[in-house]
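Structure first, commentary second.
Atoms within each ligand, like the ligands themselves, are counted from 1 in listed order. This structure is a prediction, so every number in the text was calculated from the model and none was measured.
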Amino acid sequence: MSLERVLNMKEKSKIRLKNTLSRKIEPFVPIDDGEVKMYTCGPTVYGRAHIGNMRAYIFADIARRALEYAGYKVKQAMNITDVGHLTSDADEGEDKLQKSAREQKTTAWEISKKYTDQFLDDASKLNIRPVHILCKATDHIQEQIELIRRLEKKDFAYLTSDGVYYDTAKFPRYGDLAKLDVEGLQAGKRIEMGEKRNKTDFALWKFSKSEEKRDMEWDSPWGKGFPGWHIECSAMSMKYLGETFDIHTGGIDHIPIHHTNEIAQSEGATGKKFVNYWLHSDFLVMSDQEKMSKSLGNVVNLGTLEEKGVDPLAYRYLCLGAHYRKRILFGEEIIKNASNSFDRLKRKVLELKENAEDARVIEIGSQIGRKYLDSFRSKVFNDLNTPQALATMWEMLEDTEMSNSDKYRLLLDFDKVFGLDLDKVRVERLETDSKTQQLLEERELARKGMDWKRADKIRDKISNLGFVIEDTFEGPRLKRK
Ligand code: AMP
Ligand code: ZN
């Protein structure tokens, strides 16, 4: 069989995914063979997403690409949380957007717009495909109110002086996803109870406080206020994907609270299973093992990387190099190594393109091509094992028996899942980047030798190549003009 035909064969039935619900790797069977319905918990747009956050979206994008690669049509919805996420996940503290608005002396609406745009811009640089339905919490207040009313009718909701709460004791499966020891929790942990009936109860609707000025608030059957953080995902996912759908993604921190509460709300209201497959990606941590988070002040965003001359896709490459259920360690050396490997890959692409033989050899090469294709597919389909899929790709690139044209075509096929834009690699850009880097090193030598004239000359050369040099405490950095 020719490589062309093999490349076009779809292998839907082979995908297996680790389902957080069962803690097992299960064969993936969609509800409706025509279309996989997938929901991704999106960003809270109170500040620029950091690269740890972006890992969660790169992962969702890879999952979607793998499904499409296998031949499924995918409908993906993602929310934008622009109201209701409080500074503590346990319904306490200030609304994150309102806080950011106060700090930046603007409105929560402006903050939402600014950071949604920023998020979409960053996502696009990382080659994360736009989702089919991007839905904002503030555009779906009515749907959220209706869902809370449904819960109220079924006696899952109760009123307190501070809002409407979900009574988790009424939902016997509460905590199944996280394997929470709910009874232990009730007995042990000291949690601010207020008027809550159970420690795990959570807000469905919060009332605006009289002493607090909010930019975002709405009338409701219970009083003026705003929705709790979790209800938006239940309301919007069910609106766009149906009351039961196939896949729900998010970071692992969502398991014990946010997703646990989504299940309680949705299944409480409908009496049906909410989601068949729950997929969770692990964290990006700093080399010192601390999670990257704004509150710890160790945040790196895509802009920080770009300022250091790192191609955003090199960060995507770094993410592909780790299984999504494993932590990624992050540090200067680590991203430098990923950038170097990604550059090596891009150079390889150019080499293959330049030296592609004519079509005669394709048939012979395809036998070997098939071997790599099978290997690649089995890795991707086995719970999205991208590090192993990358290893297959490197093995294929180093194969001395395969023709360059087969290698090139296989590489572009693999890139449908990797999403590294390998078909867009250009000689000029690569050469400019490495030439400029070399000039920067020469300028450093000149400066160390106190040859200021030469150093200035090199700076001009670098400027002509489209870069400026920023001198920082850690040394000079290149930045595209
Ligand atoms: P948020 O904008 O806070 O709602 O979070 C957006 C996404 O980023 C969620 O899916 C989180 O699980 C995920 N996330 C938060 N911190 C990290 C981290 N350090 N590494 C990886 N994912 C993270
Ligand atoms: Zn969510």
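Tyr39 has its side chain within reach of Cys41: a pair of non-hydrogen atoms, C-beta onward, lies under 4.5 Å apart. Residues Arg55 and Ile58 are not in side-chain contact: their nearest non-hydrogen atoms beyond the backbone lie 4.5 Å or more apart. Under the 4.5 Å side-chain criterion, counting only non-hydrogen atoms from C-beta, Arg325 is not in contact with Leu384.
For Lys14, the NZ atom counts as loosely surrounded, since its 6.0 Å shell holds 12 or fewer non-hydrogen atoms of other residues, nucleotides or ligands. For NZ of Lys170, the number of neighbouring non-hydrogen atoms (other residues, nucleotides, ligands) closer than 6.0 Å is greater than 12. In this structure, Lys336 places its NZ atom where only 12 or fewer heavy-atom neighbours from other residues, nucleotides or ligands lie under 6.0 Å away.
Residue contacts with ligand 1 leave out Tyr46, since none of its heavy atoms falls under 4.0 Å from the ligand. Residue contact annotation: His50 has a non-hydrogen atom under 4.0 Å from ligand 1.
Each of His254, His259, His258 was evaluated against His248; a single residue qualifies, His259, per the ring pair (Phe, Tyr, Trp, His ring centres under 6.0 Å) test.
In summary, the aromatic rings of His140 and Tyr240 are positioned with their centroids under 6.0 Å apart. You'll find the ring centres of Phe376 and Tyr69 inside the 6.0 Å limit.
For ligand 1, the atoms lying closer than 4.0 Å to a non-hydrogen atom of Pro43 are 2 (O). Here is the list of ligand 1 atoms found below 4.0 Å of a heavy atom in Ala56: 10 (O).
Considering only non-hydrogen protein atoms, atom 9 (C) of ligand 1 sits nearest to His254 CE1, 3.5 Å. Of all protein heavy atoms, the one closest to atom 23 (C) of ligand 1 is Phe283 CE2, 3.1 Å. Closest to atom 20 (N) of ligand 1 among all protein heavy atoms lies Leu284 N, 2.8 Å. Closest to atom 15 (C) of ligand 1 among all protein heavy atoms lies Asn53 ND2, 3.1 Å.
Contacts between Tyr57 and ligand 1, counted as non-hydrogen atom pairs separated by less than 4.0 Å, involve the side chain only.
Looking at Val299, Thr44, Asp253, Thr40, it is Thr44 that brings a heavy atom closest to atom 3 (O) of ligand 1.
The distance criterion of under 3.5 Å between nitrogen or oxygen atoms is met by Gly52 with respect to ligand 1. Considering backbone and side-chain atoms together, Gly251 places an N or O closer than 3.5 Å to an N or O of ligand 1.
Using the six-membered ring where Trp is involved, Phe414 and Phe418 have ring planes that are perpendicular, over 60° apart on the 30 and 60° scheme.
Residue contacts to the Zn ion (ligand 2): Cys233 brings an N, O or S atom closer than 2.8 Å. At least one N, O or S atom of His258 sits under 2.8 Å from the Zn ion (ligand 2). For the Zn ion (ligand 2), the set of nearby N, O or S atoms under 2.8 Å includes one belonging to Cys41.
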